[in-house]
Amino acid sequence: MVVRVVVVGGGVSGVGSALAILQRLPSCNLTIIAEHFTPNTTGDGAAGFWEPHLTTGTPQEKIIQWCQETWELFCSWWQYKQQMGVSFVYGETISQDPVPEKSWQHVPFAFHSLSHSECVKFGPQYQSGFSFGTVTAEPLKFLPVLLEEVRALGGSVKMCRLTSLAEAAAEADIVINCSGLGARKLVPDPEVYPCRGQVMRVRAPWVGRYLCDASKKSFAYIIPNLETVVLGGTNQDHDWRLEVDPTDSQTIWDNCTALMPSLKKAEVIKEWVGLRPCRESGVRLEADELQVDSRIVPVVHNYGHGGSGVTLFWGCSKEVADIACDLIHKHYGLPSRL
Ligand SMILES: Cc1cc2nc3c(=O)[nH]c(=O)nc-3n(C[C@H](O)[C@H](O)[C@H](O)COP(=O)(O)OP(=O)(O)OC[C@H]3O[C@@H](n4cnc5c(N)ncnc54)[C@H](O)[C@@H]3O)c2cc1C
Ligand SMILES: *[C@@H]1O[C@H](CO)[C@@H](O)[C@H](O)[C@H]1NC(C)=O
Ligand SMILES: *[C@@H]1O[C@H](CO)[C@@H](O)[C@H](O)[C@H]1NC(C)=O
Ligand SMILES: *[C@@H]1O[C@H](CO)[C@@H](O)[C@H](O)[C@H]1NC(C)=O
Ligand SMILES: *[C@@H]1O[C@H](CO)[C@@H](O)[C@H](O)[C@H]1NC(C)=O
């Protein structure tokens, strides 16, 4: 029997899960079904900055495991696959408020807290902060490559909007649910909600470090990507607007240029809005079951990654593949590990 796997979702979570499953079970018949594929998924406008962020509700030990596995993948891409859009970046996060301890601080490079004198260099109002070295991995660059890898391993893609999960399960032996914010509606998970993020991309090749003001009062971040620098940004909970809001553009510009005055000379290339798929109790990564007519179809959920979907995607994808292999073994009795 050839196991038919349907992955719902074409963002980093869906494509990553599909690839991890195909690597473990090369003989399965896998299809990714999604309404949007790259360059139109939530990750495609993200800076791809590796830092667990807005992950409220997810257990810290899970965050550490998933972000570490993704870190290792990004480092290997940096070494062997330059086309994946990975670059290293050092910099500082400063704040007028106390910055909490980071459970994941041993994973990236040279993480250390800033002394008072290091903070006030950015302005007398800053009282705490940290510095570290991390990577940015741009989904706009790596998603097309991963989709090619999925195809090369025999996977296929289908672009359509699903109105029910039964539709996805109709021709599947197992369904992987990576529908992001779509999970709210597909059969309601009311815990899923958007956190609107508006950003601006500017040309400013002289910016080599990242800088983030994490203060509640003056939140702003400046993240260099390979060709542009990302200026952000908003974190607006329960806001569904996908249009660029000129008031937000103005505050992003004002806050970022206040933080780094040299940006006043930068040319604006693009503005963009994405809705982070947040979930009150954090990432949902677990097995479930679906009744479709007389069949029980196993499901693996993988959604609700909020502001860290890129940072966590490979660790989550590998765990999805583990769970999927066990479910396939349990339901269909095939060898689950090769
Ligand atoms: C401004 C901004 C900046 C960000 N910066 C970073 C960053 O620097 N680092 C980081 O780690 N994260 C960042 N994030 C978060 C990250 O982008 C997301 O967590 C991640 O992209 C979520 O990926 P996903 O695959 O789970 O969901 P999505 O990319 O939203 O994918 C969901 C998929 O499901 C499909 N789908 C949903 N419903 C249906 C349906 N009914 N029928 C068919 N298909 C359906 C969609 O079409 C889509 O293909 C940022 C987000 C924003 C908005
Ligand atoms: C995979 O499954 C689809 C849907 O059931 C089917 O149309 C297709 O022929 C299958 N492909 C292979 C290689 O088995
Ligand atoms: C992305 O969206 C644009 C604009 O809606 C559309 O023209 C394009 O075909 C989409 N691309 C993909 C791969 O879905
Ligand atoms: C995905 O999960 C959401 C939230 O639980 C649910 O509403 C939806 O039906 C699921 N979709 C599939 C295809 O299992
Ligand atoms: C910018 O700063 C203002 C106050 O100076 C603050 O209210 C706002 O949250 C900050 N960030 C954005 C994106 O507006």
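Source: prediction; values computed, not measured. Just follow the structure's listing: the first ligand is 1, and inside any ligand the first atom is 1.
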Looking at [Y] and [X], is any side-chain nitrogen of the basic one under 4.0 Å from a carboxylate oxygen of the acidic one?
X	Y	value
Lys62	Glu319	yes
Arg209	Glu92	yes
Asp288	Arg284	yes
Arg295	Glu289	no
Arg24	Asp322	yes

With heavy atoms under 4.0 Å as the rule, classify the contact between Gln198 and ligand 5 as side chain, backbone, both or neither. neither

For Thr38, the ligand 3 atoms whose distance to one of its heavy atoms is below 4.0 Å: 13 (C)

Counting heavy atoms only, which of [options] is nearest [atom]?
atom	options	result
atom 38 (N) of ligand 1	Ala168, Gly48, Gly182	Gly182
atom 18 (C) of ligand 1	Gly307, Gly11, Ala46, Gly306	Gly306
atom 21 (O) of ligand 1	Pro52, Cys195, Gly43	Gly43
atom 8 (C) of ligand 3	Thr41, Asn40, Val157	Asn40
atom 26 (O) of ligand 1	Gly14, Ser13, Cys316, Gly180	Ser13

Under 3.5 Å, is there a donor-acceptor pair linking the side chains of [X] and [Y]?
X	Y	answer
Arg196	Asn235	no
Glu51	Thr134	no
Glu118	Ser115	yes
Asp213	Ser218	yes
Asp44	Thr41	yes
Thr136	Ser87	yes

Atoms of ligand 5 under 4.0 Å from any heavy atom of Lys217, numbered from 1 in the order shown, are 2 (O), 3 (C), 4 (C), 5 (O), 6 (C), 7 (O)

Near Ser218 (heavy-atom distance under 4.0 Å), the atoms of ligand 5 are 2 (O)

Element-labelled atoms of ligand 1 that are located less than 4.0 Å from some non-hydrogen atom of [X]:
X	answer
Gly197	1 (C)
Glu35	43 (C), 44 (N), 47 (O)
Arg161	42 (N), 43 (C)
Val199	1 (C)
Gly274	53 (C)
Gly10	33 (C), 48 (C), 49 (O)
Ser308	10 (C), 11 (O), 12 (N)
Phe49	7 (C), 8 (O), 9 (N), 10 (C), 11 (O)

Do any nitrogen or oxygen atoms of [X] come within less than 3.5 Å of a nitrogen or oxygen of ligand 5?
X	result
Asn255	yes
Ile252	no
Lys216	no

Logged contact type for Tyr303 with ligand 1, heavy-atom cut-off 4.0 Å, is neither

Contact region, Cys178 to ligand 1, non-hydrogen atoms below 4.0 Å, reads backbone

Closer than 4.0 Å: a protein non-hydrogen atom to [atom]:
atom	result
atom 2 (O) of ligand 3	yes
atom 14 (O) of ligand 3	yes
atom 5 (O) of ligand 3	no
atom 10 (C) of ligand 3	yes

Side chain of [X], backbone of [Y]: donor and acceptor closer than 3.5 Å?
X	Y	answer
Ser179	Gly9	no
Glu286	Val300	no
Trp77	Gln83	no
Asp173	Arg4	yes

State whether the shortest distance between N or O atoms of [X] and N or O atoms of ligand 1 falls below 3.5 angstrom.
X	result
His36	yes
Gln198	no
Gly309	yes
Glu51	no
Val12	yes
Ile33	no

Could you grab the distance from atom CZ of Arg241 to atom CD of Gln198, nearest 0.5 Å is fine? 8.0 Å

Measuring from atom CD1 of Ile174 to atom NE2 of His331, what distance do you get when rounded to the nearest 0.5 angstrom? 7.5 Å

Which is it for Met159 and ligand 3 at heavy atoms under 4.0 Å: side chain, backbone, both or neither? side chain

Should [X] be listed as contacting ligand 1, given a heavy-atom distance under 4.0 Å as the test?
X	result
Leu181	no
Gly233	no
Gly304	no
Trp50	no

How about Tyr210 and Phe132: are their ring centroids closer than 6.0 Å? yes

May I ask you to check whether His301 and Tyr303 place their ring centres under 6.0 Å from each other? yes

Is Gly233 near ligand 5, meaning one of its heavy atoms is under 4.0 Å from it? yes

Of Trp50, Phe109, Phe49, the one forming a side chain to side chain contact (heavy atoms under 4.5 Å, CB included) with Val135 is Trp50

Within 45° cone of Trp206 ring axis and under 6.0 Å: Lys265 NZ or CZ: yes

